[in-house]
Amino acid sequence: DRAVRSMRRRSFHAPASSSAIQLGLAAAAVVLLGWLPGARAEEFLAPRPFSVGEVLTYRVSFGLIGTGSGSLRVIPSLPLRDEPVVQLRFDFDGTIGPFAVTNHSRSWLSATRWASLRYEVEERSPFWSGQDVIDIFPDERRWAGTREAGPTVSGGALDELSFLYALRTLPLNPGRSFRLDRHFDSRRNPAVIRVLDLEVVRVPAGTFETVRVELQVRDPRCGGGAVVRMNVSLDEFRIPVRIASRCPTESVLELQVHQP
């Protein structure tokens, strides 16, 4: 904790200069080597470090074979099933070699609790293409998609996109670990989060003091699993500054613009 406070006092954060892919965000399975404490609902920080109007824009690279750009947005939305919500959006367009890669995802996150009510995704890549609309019913502990349906293991179930925003609210102190059984599809649980260390990183948006986090999550598209590593800023916004994954191919997202 002392190291975290010390780094926060130093001013490395530079303003944005101008304007993984979710396949990387969702990637990977875990072999749980030991018992890890579950993250309790009260461990999610309040207030949330993001609000309607936030825009995060990223430069994306796929090793030496592809490039693209993506954005994460929080936008207003009408209530869903009489519950106030915000809409989280991820949009990505790029190429891998001669192939186009796109991902457009939407998550309707409750404005009053950590629960996703609907998730839509449409994606195209050399590795995976498809679309789905999934309604999640937290109080009934069930979900129903275009092709499948099933029970949830939590009354606060999340999807891939809302999970990324929930991660920003955890107490990310180096040395801590969390196990989250919060994905609406129980086959995708657990997600294991390990908080590694502090790191200063330079990206197109500037230089940031960050905490380095490792995620291990299940994803059938990755043949069982992979690892995603993220650098989350130490400021009040807790921004994913850099995201790297090797599933289904090597990808790196680097922050270009942050609009609170």
Side-chain angles (χ1 to χ4, degrees), residues 16-30 55-75 87-108 116 118-134 145-148 158-165 167 183-185 187-188 191 201-205 213-231 239-259:
S17 57
S18 61
S19 127
I21 187 170
Q22 191 186 9
L23 294 173
L25 304 180
V30 60
V55 180
L56 304 173
T57 304
Y58 292 89
R59 178 182 69 186
V60 184
S61 61
F62 298 100
L64 300 176
I65 62 172
T67 59
S69 60
S71 65
L72 288 163
R73 300 173 183 267
V74 184
I75 65 174
Q87 187 184 134
L88 312 176
R89 301 180 59 159
F90 176 73
D91 294 289
F92 170 82
D93 291 283
T95 58
I96 297 179
F99 303 103
V101 181
T102 63
N103 185 294
H104 303 287
S105 305
R106 307 287 183 266
S107 175
W108 283 259
S116 178
R118 177 175 293 160
Y119 179 60
E120 296 182 1
V121 59
E122 180 177 356
E123 55 188 328
R124 181 179 62 174
S125 79
F127 314 99
W128 179 272
S129 295
Q131 58 184 17
D132 207 349
V133 178
I134 297 159
T146 305
R147 296 178 295 274
E148 296 182 284
L158 301 172
D159 52 66
E160 288 90 333
L161 195 50
S162 56
F163 177 87
L164 175 65
Y165 283 84
L167 182 144
H183 197 285
F184 68 85
D185 185 347
R187 294 170 296 184
R188 303 288 293 276
V201 298
R202 182 179 294 276
V203 294
V213 179
E214 179 183 276
L215 291 80
Q216 299 173 319
V217 294
R218 296 178 184 253
D219 192 328
R221 293 170 295 187
C222 299
V227 174
V228 180
R229 289 187 173 89
M230 299 175 54
N231 288 84
I239 310 162
V241 171
R242 188 177 189 272
I243 305 169
S245 173
R246 294 183 180 274
C247 174
T249 187
E250 182 178 353
S251 61
V252 177
L253 290 79
E254 294 183 315
L255 184 70
Q256 287 186 305
V257 174
H258 170 223
Q259 176 183 312

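For the numbers below, each heavy atom of this structure counts, side chains included, while hydrogens, waters and symmetry mates do not. Throughout, numbering of the chain's residues begins at 1 and tracks the sequence. Everything numeric in this text was worked out from a predicted model, so none of it was measured.
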field: side-chain contact (heavy atoms from CB on, under 4.5 Å) between Leu164 and Leu72, worked out
entry: CA-CA 10 Å; Leu164 175 65; Leu72 288 163; 3.7 Å; yes
- line: Ala205 and Gln256 have their tightest heavy-atom pair at CB-O, 3.4 Å
- request: Output the distance between atom OG (Ser162) and atom CG (Leu167), rounded to the nearest 0.5 Å.
  value: 11.5 Å
field: Pairwise distance CZ(Arg147) to CD1(Ile134) - rounded to 0.5 angstrom
entry: 8.0 Å
- prompt: Between atom CG of Asp159 and atom CZ of Arg188, what is the distance when rounded to the nearest 0.5 Å?
  reply: 10.0 Å
field: Leu255 CG to Asn231 CG distance, which is reported to the nearest 0.5 Å
entry: 11.5 Å
- request: To the nearest 0.5 Å, tell me how far Asp132 CG sits from Glu120 CD.
  value: 9.5 Å
task: For Thr146 and Val133, indicate whether the former's side chain and the latter's backbone hold a donor-acceptor pair under 3.5 Å.
output: yes
Indicate every side-chain donor-acceptor pair of residues 89-97 with a distance under 3.5 Å to a residue at least two apart or in another chain.
| residue | atom | partner | partner atom | Å |
| --- | --- | --- | --- | --- |
| Asp91 | OD1 | His104 | ND1 | 2.7 |
| Asp91 | OD1 | Arg106 | NH1 | 3.2 |
| Asp91 | OD1 | Arg106 | NH2 | 3.2 |

task: Working to the nearest 0.5 Å, report the span between CG of Leu253 and CG of Leu56.
output: 11.0 Å
- prompt: For Glu123, does its backbone N or O pair with a side-chain atom of Asn103 as donor and acceptor, under 3.5 Å?
  reply: no
message: List the residues meeting side-chain hydrogen bond (donor to acceptor under 3.5 Å, both in side chains) with Arg124, not counting sequence neighbours, and say none if there are none.
response: none
query: Does the side chain of Arg242 reach to within under 4.5 Å of the side chain of Val252, using non-hydrogen atoms?
result: yes
task: Flag the pair Pro240 / Tyr58 as yes when at least one side-chain heavy-atom distance between them is below 4.5 Å, and no otherwise.
output: yes
